[in-house]
Amino acid sequence: MDVKPGTLYVVGTPIGNLGDLTFRAVQTLKMVDLIAAEDTRHTGKLLQHFQIETPQISYYEHNQHRRIPEVLEKLRQGKAIAIVTDAGIPGISDPGYELVKACIEAGISVIPIPGVSASLTALSVSGLPTDRFVFEGFLPTKNKLRQERLQALRSQSHTMILYESPHRLRQTLQDLAETLGSDRDIVLGRELTKLHEEFWRGSLKEAVEYYQNNEPKGEFTLVVAGKIQETPNLSESAIKAELEALLRQGLTRSQASRQLAENTSLSRREIYQLALTLDEVGR
């Protein structure tokens with residue numbers, strides 16, 4: 001493969017197991033002119049393992065605003081540059097977003113080279129619903145912002161994914177239990193793809209108790225069940241009244257049945273059969 005001049009490549013790197021670096025990522029890192037790395041020493045070990053000799057510059061949270069103009073200038077000069085973080089995909093709870101945004105605003109091409117993500121890795125084996133989920137990353141550390149975020153999560157019906165460090169895990173589990181309810185299901189993934197990878201499953205109450213007696217070690221990915229939305233059990237007459245109201249608004253029987261099925265315990269087919277018994281409304 002060839003890399004394109006004047007292009008930023010957003011390259012996903014392993015979150016633990018070096019075998020997860022894709023062949024395309026290896027080829028890209030070998031062929032670009034420069035690698036912008038969150039930690040050049042950490043990335044240096046990865047490059048050495050795959051015999052990649054591309055030069056690096058540092059690009060991390062506290063120097064990104066100074067580095068962005070430098071990187072943009074090199075890209076304008078026709079250099080192909082890859083951005084990597086210590087683990088996972090740049091921009092996902094790691095530096096990368098600001099540079100990608102700056103490149104897009106400058107009309108510079110940005111190409112993703114997919115890799116492993118701790119969030120999707122944990123979600124895929126959590127056993128919790130995967131059809132809808134939200135990524136929350138790290139909760140704020142400042143109390144006011146933290147409480148605001150927790151309250152916002154309280155009514156969230158989608159599966160939630162969070163990251164947490166070992167020294168804050170106990171407090172986060174306690175906060176989640178108090179805000180979301182101690183019976184809410186949670187899965188904790190620890191040291192994903194590494195030698196001591198481990199998954200713990202149970203309720204938030206059980207998680208609090210477990211980690212009070214067991215020292216948290218390694219980086220954690222938390223997958224928390226969303227709030228179960230209660231569906232009202234409407235009587236047949238109430239459903240017919242709702243159907244008539246929707247039909248007056250111009251919806252078809254099929255559309256009205258589908259809409260009501262999302263908010264009741266009956267299926268769309270059952271509601272549609274009721275709709276067929278109604279006289280034409282507003283026609």
Side-chain angles (χ1 to χ4, degrees), residues 1-124 130 133 135 137-138 161 163 189 191-195 197 219 221:
M1 62 167 283
D2 293 322
V3 295
K4 299 178 181 178
T7 299
L8 178 71
Y9 290 85
V10 181
V11 181
T13 56
I15 59 176
N17 192 316
L18 293 181
D20 290 333
L21 188 65
T22 68
F23 179 76
R24 186 181 177 206
V26 172
Q27 293 299 103
T28 299
L29 293 175
K30 283 184 176 180
M31 298 188 71
V32 292
D33 299 297
L34 187 67
I35 297 172
E38 181 180 9
D39 184 332
T40 55
R41 292 169 300 178
H42 181 91
T43 300
K45 296 176 183 177
L46 178 71
L47 301 183
Q48 184 177 12
H49 179 83
F50 288 97
Q51 299 180 342
I52 299 171
E53 298 179 353
T54 307
Q56 301 183 74
I57 59 169
S58 64
Y59 180 87
Y60 55 94
E61 182 181 0
H62 299 296
N63 80 346
Q64 61 180 339
H65 293 294
R66 173 170 57 85
R67 282 292 195 204
I68 286 175
E70 298 177 23
V71 174
L72 290 179
E73 182 57 30
K74 291 180 184 298
L75 288 164
R76 291 190 185 101
Q77 293 171 2
K79 301 291 185 183
I81 300 177
I83 179 172
V84 300
T85 57
D86 292 350
I89 300 174
I92 310 300
S93 287
D94 277 325
Y97 160 72
E98 295 287 352
L99 178 58
V100 170
K101 182 171 179 286
C103 285
I104 292 171
E105 290 175 349
I108 293 170
S109 178
V110 181
I111 294 179
I113 307 296
V116 182
S117 166
S119 56
L120 296 183
T121 298
L123 176 67
S124 68
T130 59
F133 58 89
F135 174 68
F138 290 94
I161 307 171
Y163 289 159
E191 295 289 88
L192 297 179
T193 79
K194 299 178 183 177
L195 180 62
E197 176 182 82
E219 299 299 316
T221 302

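We number each residue from 1, following the sequence as shown.
- With rounding to the nearest 0.5 Å, the separation of CD1 in Ile113 from CG in Leu29 is 8.5 Å.
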Tyr163 and Phe135: CA distance, side-chain angles, deciding distance, ring-ring contact (aromatic ring centres under 6.0 Å, His included) verdict: CA-CA 9 Å; Tyr163 289 159; Phe135 174 68; 5.1 Å; yes
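- Taking both residues in full, the closest heavy atoms of Gln51 and Lys30 are given as O-CE, 4.0 Å, listed atom of the first, atom of the second, then distance.
- In this structure, Met31 and Val3 approach most closely via the heavy-atom pair O-CG2, 3.6 Å.
- Without hydrogens or angle criteria, Thr54 side chain to Ile35 main chain gives no donor-acceptor distance under 3.5 Å.
- Using a 4.5 Å cut-off on side-chain heavy atoms (C-beta onward), Cys103 and Leu72 make contact.
- Glu38 and Thr85 make their closest contact through OE1-CB, 3.3 Å (heavy atoms, listed as atom of the first residue, atom of the second, distance).
- Considering every non-hydrogen atom in both Ser119 and Ser117, the closest pair reads OG-OG, 2.7 Å.
- Between the CG atom in Leu75 and the CG atom in Leu99 there is a gap of 7.5 Å [rounded to 0.5 Å].
- In this structure, OG1 in Thr7 is found 5.0 Å from CD1 in Ile111, a value given to the nearest 0.5 Å.
- Checking Leu21, Thr28, Val26 one by one against Arg24, the side-chain contact (heavy atoms from CB on, under 4.5 Å) holds for a single residue, Thr28.
- Heavy atoms only, all atoms of each residue included: Ala118 and Ile15 are closest at CA-CD1, 3.9 Å.
- No more than 12 heavy atoms of other residues, nucleotides or ligands shown are found within 6.0 angstrom of OH on Tyr97.
- A side-chain donor-acceptor contact under 3.5 Å links Tyr9 to the backbone of Lys4.
- Distance check: Lys74 NZ to Leu8 CG gives 14.0 Å after rounding to the nearest 0.5 Å.
- Here CG of Asp20 is found 10.5 Å from CG of Leu192. Values are rounded to the nearest 0.5 Å.
- Side-chain N or O atoms of Thr193 include one that pairs as donor or acceptor with a backbone N or O of Asn17 at under 3.5 Å.
- The distance from the CD1 atom of Ile161 to the CG atom of Leu120 is 6.0 Å, given to the nearest 0.5 Å.
- Gln56 contributes no side-chain N or O that, together with a main-chain N or O of Leu34, makes up a donor-acceptor pair within less than 3.5 Å.
- By the neighbour-count criterion of 12 heavy atoms within 6.0 Å, atom CD of Gln77 is densely surrounded, having more than that number from other residues, nucleotides or ligands.
- Ser93 and Gly137 get closest at one heavy-atom pair: OG-CA, 3.8 Å.
- Using a 4.5 Å heavy-atom threshold, the side chains of Val71 and Ile83 count as separate.
- Using a cut-off of 4.0 Å between Lys/Arg side-chain N and Asp/Glu carboxylate O, Glu70 and Arg67 are scored as salt-bridged.
- Within the 4.5 Å cutoff, no side-chain heavy atoms of Tyr60 are placed close to those of Asp86.
- Using modelled atom types, no side-chain atom of Thr43 and backbone atom of Thr40 make a donor-acceptor pair closer than 3.5 Å.
- For the pair Val84 and Leu46, the minimum side-chain heavy-atom distance is 4.5 Å or more.
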